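Every value quoted in this text rests on a predicted model; they were computed, and no experiment measured them.
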Amino acid sequence: MSEPLIDVLVPTRDRPAALAVTLACLVGQTEGRFRVIVSDQGDEPAESSGEVRAVVRLLRATGHPVAVHRHLPRLGLAEQRAFLLDLAAAPYVLSLDDDILLEPWLLETLVTTLEREGCGFVGSAPIGLSFVDDVRPHEQAVEFWDGPVQPEVIRPGGRAWVRHRLHNAANPWHVQQAMRLSPERARPYKVAWVGGCVLYDRAALRTCGGYDFWRELPAAHAGEDVVAELRVMARFGGCGILPSGAYHQELPTTVPEREVDAPFAIAQVLPDGATVGAAGNAPQLRPDRRVPSR
């Protein structure tokens with residue numbers, strides 16, 4: 001394969017079956033210019049699983065390099081994501097959790113949206129299909145971008161923070177079905193943050209510090225992905241897309257200790273030295289803070 005367009009970055013811990021399913025969803029992607037980098041912090045190596053080995057072999061045989069790194073000791077998910085980002089070299093990086101199912105068109109749609117919008121990230125909120133009969137109209141408000149995605153400053157707990165409710169349960173499924181959205185008619189919308197499946201412009205993520213804030217957090221924390229997204233969104237803009245094309249495997253979390261919620265625990269350093277999150281006020285951003293069009 002020529003140089004990859006996307007590095008798929010997957011942190012994993014003690015979920016070999018889920019990891020194998022997630023990796024298998026990459027095999028048939030219509031956007032095939034990717035390689036896979038896995039950071040494994042399980043008690044047992046992920047590659048001791050026959051299922052994982054089989055999918056890794058298939059990915060490699062079909063032209064997709066795969067690197068699985070044993071990365072210990074465990075210093076928290078932010079450090080694990082920082083380790084993965086340090087290994088990436090492709091123009092785009094997909095931050096992908098190890099328990100996500102992907103539609104075959106998803107990588108292509110994420111890339112198309114990111115390049116069209118010229119923003120810092122595009123995310124697909126994973127849908128929990130066990131909630132397909134749990135319709136929640138009070139959580140289904142959606143604000144679509146009518147023009148190009150622009151930078152936004154989102155304060156944790158602020159007015160726009162409630163946007164995350166759209167990602168609960170099967171809400172994205174109900175909205176995209178009601179609006180008859182399709183990959184060919186994917187629409188970007190405004191987010192507070194997106195969990196589980198986010199495609200970044202790597203240069204934008206790096207410019208905003210990546211996950212270097214991991215040293216400010218205890219090993220037991222959650223919400224590290226939110227911190228990175230808030231920083232990128234404030235400087236370069238970010239969005240979600242509908243239809244989502246991503247689904248939860250709906251397994252028990254491997255991060256049970258969630259007393260420290262990263263976006264509330266540390267200050268988010270934003271453009272012009274302003275801060276938002278644990279302290280600070282939202283700055284006025286200049287409209288030229290964009291990733292250059294490719």
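Note: the hydrophobic cluster containing Leu106 also contains Leu5 (ILVMFWY, side chain heavy atoms under 4.5 Å, direct or indirect links). Hydrophobic clustering, with ILVMFWY side chains joined whenever heavy atoms are under 4.5 angstrom apart, keeps Val162 apart from Leu166. The hydrophobic clustering, which links ILVMFWY residues whose side-chain heavy atoms are closer than 4.5 Å, places Val38 and Leu59 together. Under the 4.5 Å side-chain contact rule for hydrophobic residues, Val21 and Val55 do not share a cluster. Cluster membership check: Ile100 does not share its hydrophobic cluster with Trp173, using side-chain heavy-atom separations under 4.5 Å among Ile, Leu, Val, Met, Phe, Trp and Tyr.
Between Asp40 and Arg13 no salt bridge is recorded (no basic side-chain N to carboxylate O distance below 4.0 Å).
In the model, Tyr247 has a side-chain atom that pairs as donor or acceptor with a side-chain atom of Glu103 under 3.5 Å. A donor and an acceptor atom, one from each side chain of Tyr92 and Glu31, are nowhere located under 3.5 Å apart. Side-chain contact, Arg81 with Ser95: a donor N or O sits under 3.5 Å from an acceptor N or O. Under 3.5 Å, the side chains of Glu79 and His71 contain a donor-acceptor pair of N or O atoms.
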Could you give me the CA-CA distance, side-chain angles and deciding distance for Met179 and Arg187, then say whether side-chain contact (heavy atoms from CB on, under 4.5 Å) is met? CA-CA 11 Å; Met179 299 186 72; Arg187 297 187 62 183; 3.7 Å; yes
For Arg163 and Glu152: C-alpha separation, side-chain torsions, deciding distance, then whether salt bridge (Lys or Arg N to Asp or Glu O under 4.0 Å) applies. CA-CA 13 Å; Arg163 294 175 182 172; Glu152 290 188 283; 3.0 Å; yes
Test side-chain contact (heavy atoms from CB on, under 4.5 Å) applied to Ile37 and His69, step by step: CA-CA 8 Å; Ile37 307 173; His69 297 269; 3.9 Å; yes
Applying side-chain contact (heavy atoms from CB on, under 4.5 Å) to Leu94 and Asp7, what does each step give before you reach the verdict? CA-CA 6 Å; Leu94 179 69; Asp7 279 333; over 6 Å; no
From CA spacing to verdict: side-chain contact (heavy atoms from CB on, under 4.5 Å), Arg202, Leu85: CA-CA 8 Å; Arg202 184 174 65 91; Leu85 184 58; 4.2 Å; yes
Apply the test salt bridge (Lys or Arg N to Asp or Glu O under 4.0 Å) to residues Arg206 and Asp86: give CA-CA distance (whole Å), side-chain angles for both, the deciding distance (0.1 Å), then the verdict. CA-CA 10 Å; Arg206 277 293 195 192; Asp86 284 344; 2.8 Å; yes
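The SG atom of Cys239 sits 7.5 Å away from atom CZ of Phe121, with the distance rounded to the nearest 0.5 Å. Between Gln249 atom CD and Leu19 atom CG the span is 9.0 Å, to the nearest 0.5 Å. Here the straight-line distance linking atom CG of Leu9 with atom CG of Leu84 works out to 5.0 Å at 0.5 Å rounding. The distance from the CZ atom of Phe236 to the SG atom of Cys119 is 11.0 Å, given to the nearest 0.5 Å. Going from atom CD1 of Ile127 over to atom CG of Asn168 covers 12.5 Å, rounded to the nearest 0.5 Å. Between atom OG of residue Ser182 and atom CG of residue Leu242 there is a gap of 11.5 Å, rounded to the nearest 0.5 Å.
At a threshold of 4.5 Å between non-hydrogen side-chain atoms, the residues Thr109 and Thr113 count as touching. The closest side-chain heavy-atom distance from Leu26 to Val36 is below 4.5 Å. You'll find the side chain of Ser39 stays beyond 4.5 Å of the side chain of Val68, heavy atoms only. Using a 4.5 Å heavy-atom threshold, the side chains of Gln41 and Phe83 count as separate. Considering only heavy atoms from C-beta on, Arg35 stays 4.5 Å or farther from Val8 through its side chain. Considering only heavy atoms from C-beta on, Pro263 comes within 4.5 Å of Leu230 through its side chain. Counting heavy atoms from C-beta on, the side chains of His221 and Glu224 come closer than 4.5 Å. The shortest distance between side-chain heavy atoms of Val111 and Glu115 falls below 4.5 Å.
Residues Asp43 and Asp14 come closest through the heavy atom pair N-OD1, 2.7 Å. Across Glu117 and Pro188, no two heavy atoms sit closer than the pair OE2-CG, 3.8 Å. For the pair Val175 and Gln140, the tightest heavy-atom approach, listed with the atom from each and the gap, is CG2-CB, 3.8 Å. The minimum heavy-atom distance linking Met233 with Ala192 is given by the pair CE-O, 3.3 Å. Residue Thr30 comes nearest to Glu108 through the heavy atom pair OG1-OE1, 2.5 Å, listed as atom of the first residue, atom of the second, then distance. Considering every non-hydrogen atom in both Ala220 and Val260, the closest pair reads O-CB, 3.7 Å.
Between Glu139 and the options His167, Arg165, His164, a side chain to side chain contact (heavy atoms under 4.5 Å, CB included) holds for only Arg165. Leu110 pairs with exactly one of Ile6, Val198, Ile241, Leu102 by the side chain to side chain contact (heavy atoms under 4.5 Å, CB included) rule, that one being Ile241.
Formation of a donor-acceptor pair under 3.5 Å by the Arg53 side chain with backbone atoms of Ser48 is found in this model. Without hydrogens or angle criteria, Asp201 side chain to Ala203 main chain gives a donor-acceptor distance under 3.5 Å. For the pair Ser49 (side chain) and Pro16 (backbone), a donor-acceptor distance under 3.5 Å is absent. Proximity of a side-chain donor or acceptor of Glu250 to a complementary backbone N or O of Leu129 within less than 3.5 Å is detected. Between the side chain of Thr22 and the backbone N or O of Ala18, at least one donor-acceptor pair lies under 3.5 Å.
For an aromatic pair to be called close, the ring centres must be under 6.0 Å apart, and Trp161 with Phe264 satisfies this.
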